[in-house]
Amino acid sequence: MAFGKGCHLHLIDGSAFIFRAYHALPPLTRKSDGLPIGAVSGFCNMLQKYVEGNAGGDVTHIAVIFDKGSHTFRNDMYDQYKANREAMPEDLRPQIPLTRQATEAFNIACKELEGYEADDMIATLACQAREAGGRVTIISSDKDLMQLVGDGVEMLDAMKNKRIDRDGVFEKFGVWPDRVVDVQALAGDSVDNVPGAPGIGIKTAALLINEYGTLEDLLDRAEEIKQPKRRQTLLDNRAQIELSKKLVQLDCETPLDFTLDDLEVKEPDPETLLSFLTEMEFRTLTKRIADALDVEPPVIPDTTPEGANPPENAAEAPPFESSAYECVRDMAALNRWIEKARTHGWVAVDTETTGLNEMRVDLVGISLCVEAGEACYIPLIHKEAGGDDLFGSDALAEGQMGVNEVLDALRPLLEDPAVMKIGQNMKYDAKILARHGVKIAPIDDTMLMSYAMNAGLHGHGMDALSERYLNHAPIPIKTLLGTGKSQKTFDLVPIDEATKYAAEDADITLRLWQIFKPQLHKARVTRVYERLERPLVPVLAEMEMAGIKVARDTLSRMSNAFSQKMAGLEAEIHELSGETFNVGSPKQLGEILFDKMGLEGGKKGKTGAYATGADVLEDLATEHELPRRVLDWRQLSKLKSTYTDALQEHINPETGRVHTSYVISGAATGRLASTDPNLQNIPVRSEEGRRIREAFVAEEGKVLVSLDYSQIELRILAHMADIDALKQAFRDGQDIHAMTASEMFNVPLDEMTPEVRRQAKAINFGVIYGISGFGLARNLRIPRAEAQGFIDRYFERFPGIRTYMDQTIAFAREHDRVETMFGRVIHTPEINAKGPRAGFAKRAAINAPIQGTAADIIRRAMIRMPDAIAGLPAKMLLQVHDELLFEVDKDAAEPLIDAARKVMENAADPVVHLDVPLVVDAGQGANWAEAH
DNA sequence: TGATTCACG
DNA sequence: GACGTACGTGAATCAG
């Protein structure tokens, strides 16, 4: 395309980029040979960020312009020009040619000219582009370039992401761009050693220029200046000022050996770019760019933990031999293991504790493994064998080192960035260790590796993985602890037994890691694992340890109120049924309703019991009073048993807070699951239930802040299925359900009734779930034919939805899996099954990419959140699928909302560009009910 | 231990 | 033509 009207040229000041990169970054060196590459790395990062930021923009032409040589025509005019510049730092010099290579690798034109400064080339190009009728953006913050601004030329400070237009220039110089040189000529520039007029700065210069029009007029009429000192300075220094103007005046006539047309934007060649980055050994950037280009990142050979790769021959691992495990009882032995871990660069770690509640249990021992079959156990607080149960003997068994002693010795290893720590469900161990002041990092997690590769195929617990991938059934914990009431804790297990069990766990973990690590690439889920799974571990560990304050007395009051109401309802129910029975027993209730009272519509399930679910009772409620009472009773029973009662037992006596646990690999779609207690299903839909949220409170002087994505799954559907009408509605900020209703039923928006809107809303949700006429009919309580009619109409109006569904199912049928927009893989093993199971699988396959993409987005937000709110007195406490809950000092609530909202709304960038905006709603209050 | 029910997104 | 039918979770409870 020839450059002309409608074109947009971006000119990057390469030298400025390099210096900024150099000063912004610590002195990094290339691992393999120590070559300094900090500036190159920063340069590439900035370039990448810049390219990403402009993806989909209107840039048509681009070039990075470099200075070349130190002698320019300005030195001929004035030998002191830029004379007092500091020499280029030694470690920057070799990086200069590399930044040129980098630019070329990005397939961006890279230009320089002997004897000219980059500024002159930029000026020339800008002038040419302007004359051709195009627009220009100069990426630089160099004030010397500001004289070019105007008539379609703008500057952009890439670091501050601030555009500088004519007004911006005026702000800086006090004159419009065409007089900037005059001001600079007067004011001079100490950095470039431009002399100017002594004693006159930018302020005074602007004042004078504005009064006299131009520099030339000013100098000619210098006699008229009222202030004697100023007048004299100008008269005395006329020659110097005129020279200064020549020095700062950019040359728009630079002889270029290329034209604007040569600068047309070109897509980078993935291979060229990635091979350059690989050569530089930029791991993070290589992955990021591979992501952006949607190719699997190349493997960078490495000796550091990030890429610590197990031996290729892991399959030839020795058989399990529990008697070979070592029990570490003294410092000398421990140090030998630490040394082994260091020489390998990795170590599998497993902690044994007195229970499963990470916030309360004690650390009993630690096992380590460095090679298959080579593992040890470090017992810490095992109790004396044969201890008197009656008196609960507390005596420690012989031959154990102290907990602090051992952790002090292990801490440098566990925190060493050069040693990879491998675990199965590392969040657990990380929390235990964090309670002892050890911040374990970096980590790999075999559970998460399995999850990234095999979600939907099987579970990811260690026992299942060991049997499946190592063909080895681990020692069941039951054989050590027993079961039921007589179950004991791990500290009561004899040390020799514990050694076999614990060391085996570390051994298994290491072997799994050796198998999984190389598989990640082949399964094309490396970036899912490294960017969506692993980084979540420390974030969730922090949230879980922070916990949320729960007001026990509030819950307990509610509990009592519920009890009373339930007793009343129970009496009425017994009265109505004519006998006393267990209202909580669906079986008894079914018999009362359908056998004794003879109500219609009794259906027996596969166990032969009548169904008495809420939907059944709801239907019966029109016939009889009893079902309504049972529904009310059940609601209260649920609230009391699951929430007001159970929640109190989860309040940690030490912290006064409730600490949930998130299961990263819980849901196949990428969603988190919350357990012990589940804080993702605290009531909100019913008025009565919502009040339970009043018991979730902020600490004194703080507030709870809730931010939630508005309609995130529908937005993702609109994008993925590419439905223009829906996308436009979201862009316009319309009520999406009303808009759907309007489209479907031909009702103008201003005549929309709540009932019609409600129906459209049900359909919108139904679509996400893989709708059926039957299901919609049941949900809306309308005849099935009518529901089917709605669905047909919906697909007629939004045919893209049908296409999306068909394509998704076809993909699943072919590959036995579906994927989210971020590359998360969800296996659909039943998609080709026969019978009703195929229906389930189909609907799950339709839903998974949508639900999963939403899950990926909030994960990305959570991973970025700690940095984004680092300066605020705030903590992220809970995640509820599309909501994040924070606790923050009262006066910092607004800044927190601003910061967190920004992260959430931009969480898809830069890997995925959504055609619809993500919108986040926020609220705050003393408790969760108020904040939501 | 499995089925049922119901809380959430 | 029949069959079964909205996606993803966790916890409490009953009953065998």
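Chain letters run A, B, ... following the sequence lines, proteins first and then strands; every chain starts at 1.
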**Q** Just to be sure I understand the rule, does A:A668 reach a base, reach only the sugar-phosphate, or reach nothing, if contact means heavy atoms closer than 4.0 Å?
**A** sugar-phosphate
**Q** Side chain of A:R784, base of C:dT5: donor and acceptor closer than 3.5 Å?
**A** yes
**Q** Indicate yes or no: at least one non-hydrogen side-chain atom of A:L717 is less than 4.5 angstrom from one of A:Y804.
**A** yes
**Q** Taking only side-chain N and O atoms of A:K587, does any of them lie within less than 4.0 angstrom of OP1 or OP2 on C:dG16?
**A** yes
**Q** Tell me whether A:R784 forms a cation-pi arrangement with A:F774, defined as NZ or CZ under 6.0 Å from the six-membered ring centre and within 45 degrees of its axis.
**A** no
**Q** Under 4.0 Å between any heavy atoms, over every strand shown, what does A:V663 touch: base, sugar-phosphate, or nothing? Just pick one.
**A** nothing
**Q** Rounded to whole Å, please give me the gap between CD in A:E591 and P in C:dC14.
**A** 15 Å
**Q** Under a 4.5 Å cut-off applied to non-hydrogen side-chain atoms, are A:R628 and A:L617 in contact?
**A** no
**Q** Given C:dA11, C:dG10, C:dG4, which nucleotide is nearest the side-chain atoms of A:T642?
**A** C:dA11
**Q** What does A:E713 touch in the nucleic acid at a heavy-atom separation under 4.0 angstrom: a base, only the sugar-phosphate, or nothing?
**A** nothing
**Q** Picking from C:dG10, C:dC7, C:dT13, which would you name as closest to the side chain of A:Q851?
**A** C:dC7
**Q** Round to a whole Å and report the spacing from CG of A:N847 to P of C:dT5.
**A** 17 Å
**Q** Report yes or no: does A:T853 contribute a side-chain atom to a donor-acceptor pair with the main-chain N or O of A:M821 at less than 3.5 Å?
**A** yes
**Q** Chain A on DNA chain B: first and last contacting nucleotide, 5' to 3', under 4.0 Å to a heavy atom?
**A** B:dA3 to B:dG9
**Q** Quantified in whole Å, what is the C1' atom distance between nucleotide C:dG4 and nucleotide B:dA7?
**A** 26 Å
**Q** Sticking with atom C1', work out how far B:dC8 lies from C:dC3, rounded to a whole angstrom.
**A** 31 Å
**Q** With a non-hydrogen cut-off below 4.0 angstrom, is A:R634 in contact with a base, only sugar-phosphate, or nothing?
**A** sugar-phosphate
**Q** Answer with base, sugar-phosphate or nothing: what part of the nucleic acid does A:T612 contact at a heavy-atom distance below 4.0 Å?
**A** sugar-phosphate
**Q** State, yes or no, whether a side-chain contact exists between A:F886 and A:L707 at a heavy-atom distance under 4.5 Å.
**A** yes
**Q** Write down the partner of C:dA2 under the Watson-Crick or G-U wobble criteria, each distance required to be under 3.5 Å.
**A** none
**Q** To the nearest angstrom, how far is A:I682 atom CD1 from C:dA12 atom P?
**A** 11 Å
**Q** Output the rounded distance in Å from CG (A:L717) to C1' (C:dA6).
**A** 14 Å
**Q** Quick one, A:L448 and A:M426 - any side-chain contact, counting heavy atoms below 4.5 Å?
**A** no
**Q** Atom CG of A:N582 to atom P of C:dG16: distance rounded to whole Å?
**A** 13 Å
**Q** Check whether any side-chain N or O of A:R671 sits under 4.0 Å from OP1 or OP2 of C:dT9, and answer yes or no.
**A** no
**Q** Reckon A:Q635 touches a base, only the sugar-phosphate, or nothing at all at heavy-atom distances under 4.0 Å?
**A** sugar-phosphate
**Q** What I want to check is whether the side chains of A:Q924 and A:S706 have a donor and an acceptor closer together than 3.5 Å.
**A** no
**Q** Answer yes or no for A:R797 and A:F795: cation-pi contact, defined as NZ/CZ to six-membered ring centre under 6.0 Å and angle to ring axis within 45°.
**A** no
**Q** Take atom P in B:dT4 and the same atom in C:dT5, then report the distance between them in whole Å.
**A** 12 Å
**Q** Need one value for A:I768: base, sugar-phosphate or nothing, where a base atom within 4.0 Å counts as base even if backbone is also close, heavy atoms only.
**A** nothing
**Q** What's A:A848 touching, base or sugar-phosphate or nothing? Going by heavy atoms closer than 4.0 Å.
**A** nothing
**Q** Using a 4.0 Å heavy-atom cut-off, does A:N779 contact any base of the nucleic acid, only the sugar-phosphate backbone, or nothing at all?
**A** base
**Q** Using whole Å, what does the distance between atom P of nucleotide C:dA11 and atom CG of A:N678 come to?
**A** 6 Å
**Q** Between A:S585 and C:dA15, is there a contact of a side-chain N or O with OP1 or OP2 at under 4.0 Å?
**A** yes
**Q** Which heavy atom in A:R360 sits nearest to a heavy atom in A:P653, and how many Å separate them?
**A** NH2-CG, 3.4 Å
**Q** Give one of base, sugar-phosphate or nothing for A:G613, where a contact means two heavy atoms less than 4.0 Å apart.
**A** sugar-phosphate
**Q** Would you say that A:E688 contacts A:P683 through its side chain, given a criterion of any heavy-atom pair below 4.5 Å between the two side chains?
**A** no
**Q** From C:dT5, C:dG10, C:dG8, pick the nucleotide closest to the side chain of A:T675?
**A** C:dG10
**Q** Looking across every strand, which nucleic acid part, if any, lies under 4.0 Å from A:A787 by heavy atom: base, sugar-phosphate, or nothing?
**A** nothing
**Q** Nearest whole angstrom, please: distance from the P of C:dG10 to the CD1 of A:I664.
**A** 14 Å
**Q** Just checking A:A646: base, sugar-phosphate only, or nothing, at a heavy-atom cut-off of under 4.0 Å?
**A** sugar-phosphate
**Q** Does A:R837 reach a base, just sugar-phosphate, or nothing at all? Heavy atoms under 4.0 Å.
**A** nothing
**Q** Roughly how many Å is it from CZ in A:F840 to C1' in C:dC3, rounded to a whole number?
**A** 12 Å
